[in-house]
2 protein chains.
Amino acid sequence: MQPAPCDLLVTADILLTQNARRDVIENAAVAIQGGRILMVGPAEKIEPSVAPAERLDLGPCLLAPALANAHTHASMTLLRGLGDDLALMDWLKNCIWPVEMQFTPEIVELGAMLACAEMIQSGVGSFIDGYMFETHVGAAVDRCGMRAVLGEGFFAFPSPHFKTAADAWDCFRNLKDHFKNHPRISIAITPHAAFSTSPEILRESFELACNMGVPWQIHAAESKAETASCLKQFGLRPIPYLHSLGVLSERTVLHHVVDATTAEIECIAASGAKVSHNPESNMKLSSGASPVDRLLRAGVIVGLGTDGAASNNSLSMLSAMKFAALLAKLRSEDPCALPAQQVLDMATINACRCIYPLKAPEAVPGAIEPDRPADLAAFRLDDPALQPVHHPVSNLVYAGGRAQAALTMVDGEVLYRDGAFTRIDLPSLLSEVKKSIAWVRKLQGNAASA
Amino acid sequence: MQPAPCDLLVTADILLTQNARRDVIENAAVAIQGGRILMVGPAEKIEPSVAPAERLDLGPCLLAPALANAHTHASMTLLRGLGDDLALMDWLKNCIWPVEMQFTPEIVELGAMLACAEMIQSGVGSFIDGYMFETHVGAAVDRCGMRAVLGEGFFAFPSPHFKTAADAWDCFRNLKDHFKNHPRISIAITPHAAFSTSPEILRESFELACNMGVPWQIHAAESKAETASCLKQFGLRPIPYLHSLGVLSERTVLHHVVDATTAEIECIAASGAKVSHNPESNMKLSSGASPVDRLLRAGVIVGLGTDGAASNNSLSMLSAMKFAALLAKLRSEDPCALPAQQVLDMATINACRCIYPLKAPEAVPGAIEPDRPADLAAFRLDDPALQPVHHPVSNLVYAGGRAQAALTMVDGEVLYRDGAFTRIDLPSLLSEVKKSIAWVRKLQGNAASA
């Protein structure tokens, strides 16, 4: 048989397929054609079957699906370290919102580019965002080569971007048009949370999501304080409240779900809604520990996220994986809870299903299988922190870090390799970011004196 | 005035002194002479006052005291990932001990060298160890240039190293003689835990520590299971049991202290004993969350540790810092608990006081002040993950990682800079470590079939 032509052949010492059998392949090869996986298997089987235009021999690396971030606010990286050690509502209302409300489209784009750089250099290929001026977040994503779902956030009160819900609906339609046919960018309708919106705009926005054929995402059940506020405003706890509005569905992504009863977990599972788990943000804000293992046992697709850099303060999915595993063991008082493989699933295939809740499960990135998008990440194994390799998945989840990240590829294109970005001019990005510091502090000063 | 001669002048954009006022200095300089800090301050003040033989301009870096690891079992790095997701006692008795009991001095030395490489490359300068064949751990420490306190562990039952307590006492005397006058290595008497020893050998070993003038360290109150076992064996909970034996003192270092009542915390504080906190190990083994903030408020010196790589599975103190901060906020339901500065203290000055409980507080490493040992670490700030720098300590604790570690110096000597070790031949170390994998698996197989 004639070898199949392909754009690129990548080889590595160990490959985690994340396929249904979770096959781990030693001395592996992946053939890539047109941005998609053409073939994957042992190098000795793949090599004779393909005629690659290019080769990338990674050697002593662990090759895996690119990690995916199921919840973040990319542009908030500019607020990293601003207002640590505060409670959620105090932090939002008195520290973050007053500064954010003065953000410009340009500063949003700068923050998004910084976030993309941070994510790319730690092996992340895609994310679902929630913020404002998302056209500008999309501009950063387009330039840096990542894959993202853009969520323009809205409240019952005006955002810096629009005054009324009707303005917001127009904005979403424009955002969708703006990125129509973009190979890597799509959108999601993004109400902020139950306590900051109204039943009417939640219902209307969900109907809009259905009409536009896009996902609908919301912060939900993040803390006991949110539950109390929801009970007071609407007479129901967050999950029953959202259920009563008919907005829990296959297209729904619920961020956090920390404070949820058994019946609420079953309600989420029955609805087909996906959940993002953000252990670092939940711990840092003392929001609590999500019952992740119970959500997973109930059949809910739970993806892993970092949340924004203002409440974490890192966008490393490698760190998020370790926190997820260890927090579940602590919370459930069961050291067997959430083993490494399950956590890796949450950071790859599950996160991709949260990012693309309406796509066919076999069509999203998150596993290295034929026909999936070629979103890959590689981590150097010839590093003291990842040796010896008794169990590669355990090493990646419990001991892996940005220091070992060797490659990030999205859609078959290398975005980062061995410390160098292919599309981002790092010195000029960092120089712009440094200039933002004085500006952010001035905004904070204005807010404090207002 | 004549400029003072010195060996080395180090400059950096930001310096965390960790002195009593926790001064942060911009455009800072440190002069080093004979392995000790000679002067520290703004570069413009220090530069004219010294005549350095050498200069090291770090530029856009955060210069800090080298981190210190208050609890580890260095050689256990060879068991990284072997037996994840098991409860403490099951993990120890059925997975770790059977393999460890067949360890040779050579394999202990190899594991220690791997651990030292991992620690050095993440900015750690010193640690206190607990294991067996500690002469060989010391050989690795001596070669790689770190600073360490060696703790030869013992039980009521034989170790691979000695049959009876009397043999153990001889071993400790020999170990102390072996490293007599070593500038960076000393020893500590190290019973394993209450449940694995007897009242007699705890008392005898403590008397020996007093006679030898060395610290005495023990795992204590690590989990509810340990408390139950201690109650059953000795009729007392771990801390009251140790107190009843008279072994809580200034020279005592208690590792973990997870399950402790208010009265027990006060008892520890009154005794002057130090405590190491190991959040990742405690979470991974579901041992619980130590009341760290309450220990600190009671006046106990609490240092931060990683524990061994078999239960963490990383020796990164940067990761340990983030876990400590976030776990305290979760446990106490207070997002203000254990702020970044307090965590950095635990990983520097406090950890050094755990490592050297008998030295004068102003003579240990852990702060950049005149006359202290010149143990330094630097972290690159021109990195997307650490920008913007609104609060340098926050960025280091909540967002810092091995990827930004740029320099590790002990005793005025550079051990690591920008990815390169000065004393460790990394390829040959990793090649030896890879050979150990088959050997460890064979030991595990022998243990399983025995």
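As a basis for the values below, the full set of heavy atoms in this structure was taken, side chains included, without hydrogen atoms, waters or symmetry mates. These numbers come from a predicted model, not from an experiment. Convention: sequence-line order gives letters A, B, ...; per-chain numbering from 1.
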Handout entry: Residues A:Arg380, A:Asp418: salt bridge by 4.0 Å N-O rule
Key = yes
Heavy-atom distances under 4.5 Å only: say whether [X] touches chain B with side chain, backbone, both or neither.
X        : value
A:Asn313 : both
A:Val440 : side chain
A:Ala385 : both
A:Thr77  : backbone
A:Glu333 : both
A:Ile437 : both

Out of [options], return the one with the most heavy atom pairs under 4.5 angstrom to chain A.
options                                : answer
B:Ala403, B:Ser286, B:Pro279           : B:Ser286
B:Gly401, B:Pro339, B:Ala115, B:Ser436 : B:Pro339
B:Ser394, B:Ala325, B:Pro388           : B:Pro388
B:Gln404, B:Glu118, B:His390, B:His391 : B:His390
B:Asn282, B:Asp383, B:Leu318, B:Leu386 : B:Asp383
B:Leu426, B:Leu338, B:Val389           : B:Val389

Relative to chain A, which segment of [X] carries a heavy atom at a distance below 4.5 Å: side chain, backbone, both, or neither?
X        : result
B:Asp382 : both
B:Lys322 : both
B:Leu114 : both

Exercise for the section: Take B:Lys329 and B:Asp293 through the test salt bridge (Lys or Arg N to Asp or Glu O under 4.0 Å) and record every step on the way to the result. Expected result: CA-CA 9 Å; B:Lys329 292 168 201 306; B:Asp293 45 341; over 6 Å; no
Practice task
Ignoring hydrogens and angles, state whether a donor on the side chain of B:Ser122 or B:Ser316 is under 3.5 Å from an acceptor on the partner side chain.
Solution key: no
Handout entry: Residue pair A:Ser223 / A:Ser287, side-chain donor-acceptor N/O under 3.5 Å
Key = no
Fill in the blank from the handout: From the list A:Leu16, A:Val343, A:Asp345, side-chain contact (heavy atoms from CB on, under 4.5 Å) with A:Val393 holds only for A:Leu16
Problem - Aromatic ring pairing A:Phe323/B:Phe323, orientation class (parallel under 30°, perpendicular over 60°, tilted between) - result: parallel
If I take atom [atom1] from residue [X] and atom [atom2] from residue [Y], how far apart are they, to the nearest 0.5 angstrom?
X        : Y        : atom1 : atom2 : answer
A:Tyr416 : A:Gln121 : OH    : CD    : 5.0 Å
A:Leu67  : A:Phe127 : CG    : CZ    : 14.5 Å
B:Asn312 : B:Arg80  : CG    : CZ    : 9.0 Å

Exercise for the section: For residues A:Leu285 and A:Ser281, determine if any side-chain heavy atom of one lies less than 4.5 Å from a side-chain heavy atom of the other. Expected result: yes
